[in-house]
Amino acid sequence: MKTVSDQEVTAPDAPAEGHVNKVARRRVLAVCLIASLAGLMCGLDIGVISGVLKPFGTQFHVSTGLLEWVVGGMLVGATIGALTGGTLCNHLGRKYTLTIAAFLFAVGAFGSAASWSVASMIACRVLVGLGMGLSDFTTPQYLSEIARKEQRGAMVSTYQLLKTIGIFLAFFSNSWLSPSGAWRTMLIVEAIPAVLFLGAFLFLPQSPRWLVMRGHWEHAFEVMTNLRDTSSSAQRELEAIDEQLQTKQEGWKLLRRNSNFRRSVGLGMLLQIMQQFAGINIIMYYAPRILEAAHFDLTAQMWCTALIGLVNVLMTFVAIGYSDRWGRKPILYMGYASMALSMAILAVILYVGPSSLALQLSALALIIVFVGGFAMSAGPLMWVICSEIQPNAGRNLGISISTGTNMLSNLFIGTTFLTMLEELGSSNTFWVFASFNALAIILIYLFVPETKDVSLETIEKRLMSGVKLRQLGK
Ligand code: BGC
């Protein structure tokens, strides 16, 4: 193994072991926050579309089927981005992959604001989606490589938190702009931060792990020393990385010959399908439309959507604060039970017709309970568990496949919801989602492991020795 000279590590004025380097710690925080801004971009782009659909659809006389593709275009791009993220990350590094993502966000946002036809809007949304898929693959990885061990979980969850903040900000700006139907301005609001982030990402350091992978030891040491308390702890961490990197990523080969790896890949796919089939994105993309079905007027639709976005942000803190204390599974049961119940009662209200103010407000309260249930559970936790269950030698491929599955399921729901509403009616549509959430409770019981407080090594050992999926943790 190549290493930096001993002289650098044991310089006479090197700080003692146990020394807390406040500057380095602040630097880690700053780098992680800047990189997490990619989550904010994703959130802005998820959230903006719910405000754009109506005025854009009216101006260009867009059919329901095509409107679904204005939503779906982003998800096609996101699926491609998630599946190609691994290759770009390995070749260009995390920093430049993130910079490309920011560039795509910016071009896509300006392009869609300038759209002159449905086709041009869909094409620009594909570009935005590519940025989103790249970011969903790269940012959590980059954050976990920059953060100190004890902060890793929190830093990765910050990405999801910033996504929810982005969704909220977009809902909020949509609410201000919707009375004038200014859909182009709504999209410009997304474009400006994208340009700012593009500039900021250029100042991010390269990931030390990627630098070691590429054999740039001196540079890796320099970056790591800036981010850790002492140069000797930086050196030790780099050596541990180097040791881990000796496990070759076998990806597809491992998938072909190892049925245990196929089980963890299958579980990752199932988790992400369960996340998307909960129905969260029918609210994120179509909340005003659903509130319209509950007889809210346009202004109320938009402000209630902003309120829903705020609940999505606030309830994410429950997962961040309690998943390491209560465990993943109890929180998932609570979340899915509240999602199943709220969807079922909403279906009943839409069946009888929300004729009174009390029923209208109940419909809004139920949507809020649904979103809160998702944000405290499946929203962040499915990402967390997916990153915990893959064996070292197949981690990149395993996470790439589960992220791609998330995007594809998201695409499926996003491009069929309006048709479902038209064909089945709003009440039956919500019964379908209530059933998916009830089914998820059974699937969680049968297949999902409790990974709280269990090391990744233990999970891998149990997986590879054929232990049942739900017993991989405790
Ligand atoms: C999901 C997204 C969703 C977001 C809402 C994420 O965990 O993957 O599809 O839009 O949560 O906050």
Side-chain angles (χ1 to χ4, degrees), residues 36 38-50 71-72 74-79 81-82 85 125 128-129 131-137 139-140 156-172 190 268-287 290 305-320 323 328 331-332 335-336 339 367-368 370-387 399 401-415 417 433 436-437 440:
S36 296
L40 195 80
M41 282 310 313
C42 293
L44 287 169
D45 282 300
I46 293 171
V48 72
I49 209 66
S50 68
V71 172
M74 176 177 85
L75 302 166
V76 171
T79 309
R125 292 295 288 173
V128 163
M132 182 166 145
L134 286 181
S135 161
D136 269 348
F137 183 88
T139 319
V156 175
S157 304
T158 307
Y159 177 66
Q160 170 69 15
L161 183 68
L162 274 156
K163 211 184 248 187
T164 62
I165 294 177
I167 295 175
F168 167 64
L169 291 177
F171 284 173
F172 192 74
E190 321 307 306
M269 293 170 74
L270 178 70
L271 290 169
Q272 294 292 16
I273 290 172
M274 285 193 317
Q275 192 209 49
Q276 290 300 318
F277 277 71
I280 184 64
N281 286 315
I282 63 175
I283 308 287
M284 296 298 125
Y285 306 142
Y286 302 113
I290 296 168
T305 303
L307 176 66
I308 292 168
L310 184 62
V311 172
N312 191 27
V313 176
L314 296 180
M315 290 302 280
T316 304
F317 285 104
V318 175
I320 295 179
S323 63
R328 283 65 162 140
I331 296 190
L332 284 174
Y336 275 96
M339 288 192 278
I367 296 177
I368 288 181
F370 171 82
V371 171
F374 177 87
M376 68 178 264
S377 63
L381 292 186
M382 292 316 194
W383 294 107
V384 171
I385 304 176
C386 278
S387 72
I399 295 180
I401 292 181
S402 57
T403 308
T405 307
N406 176 290
M407 302 300 165
L408 271 181
S409 322
N410 192 338
L411 172 68
F412 180 77
I413 300 288
T415 53
F417 178 66
F433 284 103
F436 284 149
N437 283 296

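Just so you know, ligand 1 is whichever comes first in the structure, and atom 1 is the first atom listed for that ligand. The figures here come from the full heavy-atom set of this structure, side chains too, leaving out hydrogens, waters and symmetry mates.
Two residues are said to be in side-chain contact when any heavy atoms from C-beta on lie closer than 4.5 Å; Met315 and Thr164 fail this criterion. Looking only at side-chain heavy atoms (C-beta outward), Phe171 and Leu307 stay at 4.5 Å or farther from each other. With a 4.5 Å cut-off on side-chain heavy atoms, Ile280 and Gln275 do not count as touching. The shortest side-chain heavy-atom distance between Tyr285 and Asn410 falls under the 4.5 Å cut-off.
At a heavy-atom cutoff of 4.0 Å, ligand 1 is surrounded by Ile46, Gln160, Thr164, Ile167, Gln275, Gln276, Asn281, Asn312, Phe374, Gly379, Trp383, Asn406, Asn410.
Using the six-membered ring where Trp is involved, Phe277 and Phe436 have ring planes that are perpendicular, over 60° apart on the 30 and 60° scheme.
In this structure, the side chain of Asn437 engages the main chain of Ala278 through a donor-acceptor pair within 3.5 Å.
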